[in-house]
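To start, the structure under review is shown below, and the notes come after it.
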Amino acid sequence: MNIKNIKSFIEFYKFLGITDCISNVQRSKMKIMVDSDENNKKTREIKTNEKNIITKSEAINNLKSQILNLDCNLKDVATNLVLYDGNYDADVMFIGEAPGANEDIYGKPFVGEAGKLLDKMLSFINLSRNKIYITNMVFWRPPGNRTPNEKEISICLPYTKKHIKIINPKLLVFVGSIAAKSLLKSKEGITKIRGKKHIYEDKENDIKIEARAIFHPAYLMRNPIEKKTTWDDLLEIDEFINSNKILQNE
Ligand code: URA
């Protein structure tokens, strides 16, 4: 474990209710990671074709207009479209399931109880909303917070793929089963998908991106025993970020 994880490690264990810690790790053996790789800086522009260069912000606005014109039953009952939060230039993109009641009110993903837990989980590995980009598989709240059905997911899926293409992150993190199964084209549940290295592939757009999956924070609230497994998954994500010198934009 590198030095910056120690504080979050202790906080995480306090969070699990564990207050005493015995450790024999020698400080001198700990590695301090310094990210000085300027070459990792990304352009804020994307090429649409040989001549047209548009900013990510313009591309997201175009995407938003297309999504607003989608023919999806969820649109009729939702208050707001919930598209994204975070930093367009982030190298890590999180994809959840669907907005809940709070997200529907505020028009932003993960702002309710599950979002608070997700923020806490991110803070354990020194991530925060301004260092990541976050969206959902489905852009409107399913009534009563039910799981989105296959039709709703398949209507939104091509736009999530476009979304990924625009942000072009170095790492995708699928939050929960719906995102993991839909984007990895897997029939397996999150218990089997998490804890492994995956590649998200979009052949149409010639895109291949490293991907990981974690338990959904709403599931963790119901099954706190899985918080330990999630800590391991978060450390693996942290390891990927450090070893690939991924720029974490402030
Ligand atoms: N759960 C999700 O998957 N996404 C949200 O935005 C909120 C809760």
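Positions are given from 1, in the same order as the sequence printed here. Just so you know, ligand 1 is whichever comes first in the structure, and atom 1 is the first atom listed for that ligand.
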Exercise for the section: Kindly indicate whether the side chain of L70, heavy atoms from C-beta on, has any atom under 4.5 Å from the side chain of Q66. Expected result: no
Problem - Side chain proximity check, E201 to K208, heavy atoms < 4.5 angstrom - result: yes
Exercise for the section: Using distance alone, determine whether G100 and ligand 1 share an N or O pair under 3.5 Å. Expected result: no
Problem - Sub-3.5 Å N/O-N/O distance, A98 and ligand 1 - result: yes
Exercise for the section: Would you mind telling me which of D233, D232, T229 makes a side-chain hydrogen bond (donor to acceptor under 3.5 Å, both in side chains) with R194? Expected result: D233
Exercise for the section: For E152 and N73, test the side chains for any donor-to-acceptor distance below 3.5 angstrom and give the result as yes or no. Expected result: yes
Would you mind running through ligand 1 and noting each atom that sits below 4.0 Å from a heavy atom of [X]?
X: H216; result: 1 (N), 2 (C), 3 (O)
X: E97; result: 2 (C), 3 (O)
X: P109; result: 6 (O)

Cut-off 3.5 Å, no hydrogens considered: what does the side-chain donor-acceptor table look like for residues 176-192, sequence neighbours left out?
residue: S182; atom: OG; partner: I178; partner atom: O; Å: 2.5
residue: S186; atom: OG; partner: E188; partner atom: N; Å: 3.0

Exercise for the section: Would you indicate which of N136, D104, L117, I95 comes nearest to atom 4 (N) of ligand 1 when only heavy atoms are counted? Expected result: N136
Completion exercise
Contacts satisfying salt bridge (Lys or Arg N to Asp or Glu O under 4.0 Å) that involve residues 77-87 (not counting sequence neighbours) are D85-K108, D85-R129
Practice task
Compute the minimum heavy-atom distance from K108 to ligand 1 and say whether it is under 4.0 Å.
Solution key: no
